[in-house]
Amino acid sequence: MKIGIFGCGAYGMSLSSILWENKCDITMWTKFEEEKEQLEKTRKNERLLPNFELPKEIKITTDIEECIKEKDLLIIAIPAAHVDTLAIQMKPYIKDNHILIATKGIEQDTGLFINQILEKYLDTKNIAVISGPTFAIDLISKMPAGLAVASKNPETIKRAKNALQNKYIKLRETSDVIGVEICGSIKNVIALSSGMLAGLGANDSTTAMLLTEAIHDMKEIIEAFKGDKKTVLSFAGFGDLLLTCTSVKSRNYTFGKLIGQKKSSQELQEYLKNTTVEGYYTLESIYKLLKNKKVSIPIIDLIYDIAVEGEPSEKLLTFLVEKA
């Protein structure tokens with residue numbers, strides 16, 4: 001298969017390792033000429049994925065058309081905040097292409113999920129989403145990992161599975177695109193609160209209490225958007241929530257921990273400047289989206305009050321006990 005990956009970050013690179021293992025022909029796109037030159041020269045990004053080297057046969061380009069032309073599957077693996085701009089740039093070259101979304105999040109200004117952004121601009125309905133408990137650093141280890149893949153188009157799911165599934169990667173399919181998108185987005189927000197608990201010195205029992213409550217809240221959000229509430233028990237739901245909310249490898253968890261430790265505003269902004277924290281970006285989006293739909297999810301309101309408005313993180317401890 002010929003694959004075009006948009007994004008040379010940690011997750012895009014880790015996906016390329018699986019695709020390479022599966023004997024795919026891979027082209028990776030970056031908008032940064034400097035990043036292209038570095039990857040072509042060293043085949044590495046020591047900051048993002050230490051000790052991982054891109055095979056020399058993987059092509060790196062800054063040309064969007066080159067990354068799309070004659071590809072069997074396109075993979076979007078860039079931060080959610082930049083998907084809109086990328087979709088506009090892709091538009092002239094897209095005609096019924098099969099696209100797999102590996103990005104998680106909700107656009108702030110519009111409240112659109114990633115699949116909705118692509119459908120807004122691109123001439124294709126062949127769109128799928130993958131989500132599940134998979135850190136980039138873990139994917140390159142060739143140990144078993146599971147992902148949910150969601151699409152209304154069976155052919156797009158087939159292509160995603162052909163590209164990625166092998167002896168150590170499992171893809172479990174569903175048609176619940178919105179449910180998988182919600183799970184992939186909201187778990188990053190919940191990870192902020194899990195990190196806050198760690199920063200406050202809470203124990204594992206308190207964290208388990210939070211995750212149990214979060215599962216119920218995620219189910220309510222999925223139902224509010226007409227998704228399948230059973231998706232919360234999938235790789236995209238419980239699986240990803242468990243991983244992201246309990247691991248120091250999670251940037252969302254780490255940022256929440258800094259908040260719980262009462263780090264200065266300057267330290268928090270510095271972390272956000274140097275690190276992609278999708279949960280923080282998504283928090284504002286889901287907060288506004290739920291308000292507009294008049295759906296009350298108190299845990300989202302509280303995380304917003306703490307992370308954005310600067311309320312004391314200790315409120316989370318009281319909330320967990322008093323939550324109805």
Side-chain angles (χ1 to χ4, degrees), residues 9-11 14 45-50 78-82 103-108 131 133-138 183-215 217-218 239-288 290 297-321 323:
Y11 207 74
S14 67
N45 188 321
E46 290 287 356
R47 185 178 69 84
L48 295 178
L49 280 181
I78 65 171
H82 305 299
T103 298
K104 299 168 183 176
I106 307 168
E107 191 173 46
Q108 282 188 353
S131 188
T134 50
F135 288 139
I137 193 70
D138 293 342
C183 286
S185 302
I186 301 304
K187 61 92 183 180
N188 285 331
V189 175
I190 301 301
L192 297 176
S193 63
S194 181
M196 291 174 198
L197 289 181
L200 291 167
N203 56 36
D204 292 344
S205 298
T206 305
T207 301
M209 182 183 188
L210 169 70
L211 298 187
T212 304
E213 294 289 357
I215 286 286
D217 291 336
M218 287 169 68
D240 213 356
L241 182 72
L242 179 64
L243 180 72
T244 311
C245 292
T246 60
S247 176
V248 294
K249 297 177 187 175
S250 166
R251 293 165 293 189
N252 300 289
Y253 175 92
T254 300
F255 182 67
K257 188 174 181 178
L258 295 176
I259 295 173
Q261 291 173 333
K262 300 185 179 2
K263 297 296 184 181
S264 68
S265 175
Q266 182 179 348
E267 288 175 289
L268 295 177
Q269 289 304 314
E270 188 68 20
Y271 187 84
L272 289 173
K273 179 182 176 182
N274 296 315
T275 311
T276 301
V277 183
E278 288 286 16
Y280 188 77
Y281 175 84
T282 301
L283 173 59
E284 295 204 42
S285 307
I286 192 63
Y287 177 81
K288 294 175 185 175
L290 291 172
I297 306 292
I299 185 65
I300 300 296
D301 294 341
L302 180 59
I303 297 170
Y304 183 88
D305 289 343
I306 296 171
V308 178
E309 301 294 344
E311 292 290 322
S313 51
E314 286 84 358
K315 284 190 172 185
L316 187 57
L317 300 173
T318 305
F319 171 83
L320 287 173
V321 176
K323 183 176 184 287

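Since the model is a prediction, treat every value here as computed from it, not as a measurement. Along the sequence shown, residues carry numbers from 1.
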Check your understanding: With a 4.5 Å heavy-atom cut-off, do Thr246 and Asp204 have their side chains touching?
Key -> no

Check your understanding: Just wondering, more than 12 heavy atoms not from Gln266 lying within 6.0 Å of its CD?
Key -> no

Point to revise | 4.5 Å side-chain heavy-atom contact, Lys323 and Pro298 | key: no

Check your understanding: Is a donor on one side and an acceptor on the other found under 3.5 Å between the side chain of Thr244 and the backbone of Leu241?
Key -> no

Point to revise | Minimal non-hydrogen separation, Val189 against Gly279, with atom names | key: CG2-O, 3.6 Å

Exercise for review: Test Asn203 against Thr206 for side-chain hydrogen bond (donor to acceptor under 3.5 Å, both in side chains), laying out the working first.
Suggested key: CA-CA 6 Å; Asn203 56 36; Thr206 305; 3.1 Å; yes

Point to revise | Derivation and outcome, side-chain contact (heavy atoms from CB on, under 4.5 Å), residues Lys104 and Glu278 | key: CA-CA 7 Å; Lys104 299 168 183 176; Glu278 288 286 16; 5.8 Å; no

Exercise for review: Quick one: closest heavy-atom pair of Leu49 and Ala10, and the distance?
Suggested key: CD1-O, 3.6 Å

Practice item. Go through the steps to decide whether Ile190 and Ile303 satisfy the test side-chain contact (heavy atoms from CB on, under 4.5 Å), and finish with yes or no. Key: CA-CA 8 Å; Ile190 301 301; Ile303 297 170; 4.3 Å; yes

Check your understanding: Taking the side chain as C-beta and beyond, is there a heavy-atom pair between Ile299 and Leu316 under 4.5 Å?
Key -> yes

Review point. How long is the span from the NZ atom in Lys273 to the OG1 atom in Thr275, to the nearest 0.5 Å?
Key: 11.5 Å

**Study point:** 4.5 Å side-chain heavy-atom contact, Lys257 and Thr254
**Key:** no

Practice item. Apply the test side-chain contact (heavy atoms from CB on, under 4.5 Å) to residues Ser313 and Lys262: give CA-CA distance (whole Å), side-chain angles for both, the deciding distance (0.1 Å), then the verdict. Key: CA-CA 8 Å; Ser313 51; Lys262 300 185 179 2; 3.8 Å; yes

Point to revise | Rounded distance [0.5 Å steps], CZ in Arg251 versus CG in Leu192 | key: 12.5 Å

Review point. Short question: side chain of Ser14, backbone of Tyr11 - any donor-acceptor pair under 3.5 Å?
Key: yes

Practice item. Measure across Tyr253 and Ala198 and return the closest heavy-atom pair with its distance rounded to 0.1 Å. Key: OH-CB, 3.1 Å

Review point. Measuring from Leu302:CG to Ile297:CD1, what's the distance to the nearest 0.5 Å?
Key: 13.0 Å

Exercise for review: Determine yes or no for a side-chain-to-main-chain donor-acceptor pair under 3.5 angstrom, with Asp240 supplying the side chain and Gly184 the backbone.
Suggested key: no

Point to revise | Closest heavy-atom pair and its distance - Ala307, Leu283 | key: CB-CD2, 3.8 Å

Check your understanding: Looking at Gly105 and Thr282, what are the two nearest heavy atoms and their distance?
Key -> CA-OG1, 3.5 Å

Exercise for review: Quick one: sort the Phe255 and Tyr280 rings into parallel, tilted or perpendicular, breaks at 30° and 60°.
Suggested key: perpendicular

Check your understanding: With distance as the sole test, does Asn274 use its side chain to make a donor-acceptor pair with the main-chain N or O of Glu270 at under 3.5 Å?
Key -> yes

Check your understanding: Do you know which two heavy atoms are closest between Ser194 and Thr207, and how far apart they sit?
Key -> OG-CG2, 3.8 Å

Check your understanding: Hey, does the side chain of Ser247 reach the backbone of Leu243 with a donor-acceptor pair shorter than 3.5 angstrom?
Key -> no

Study note, to complete from the structure: Taken to the nearest 0.5 Å, the spacing of Thr276 OG1 from Leu48 CG works out to 8.5 Å

**Study point:** Distance, nearest 0.5 Å, that separates OH of Tyr281 from CD of Glu107
**Key:** 5.5 Å

Practice item. Output yes when a side-chain donor or acceptor of Thr103 lies under 3.5 Å from a complementary backbone atom of Ile78, and no otherwise. Key: yes

Review point. Is any side-chain heavy atom of Ile306 closer than 4.5 Å to a side-chain heavy atom of Met196?
Key: yes

Revision key, fill the gap. In this structure, OG of Ser193 is separated from CD of Glu213 (nearest 0.5 Å) by 11.0 Å

Review point. Given Leu320 and Thr318, is the side-chain contact (heavy atoms from CB on, under 4.5 Å) satisfied, shown in steps?
Key: CA-CA 6 Å; Leu320 287 173; Thr318 305; over 6 Å; no

Check your understanding: Can you tell me if Glu267 uses its side chain to pair, donor with acceptor, with the backbone of Ser264 under 3.5 Å?
Key -> yes

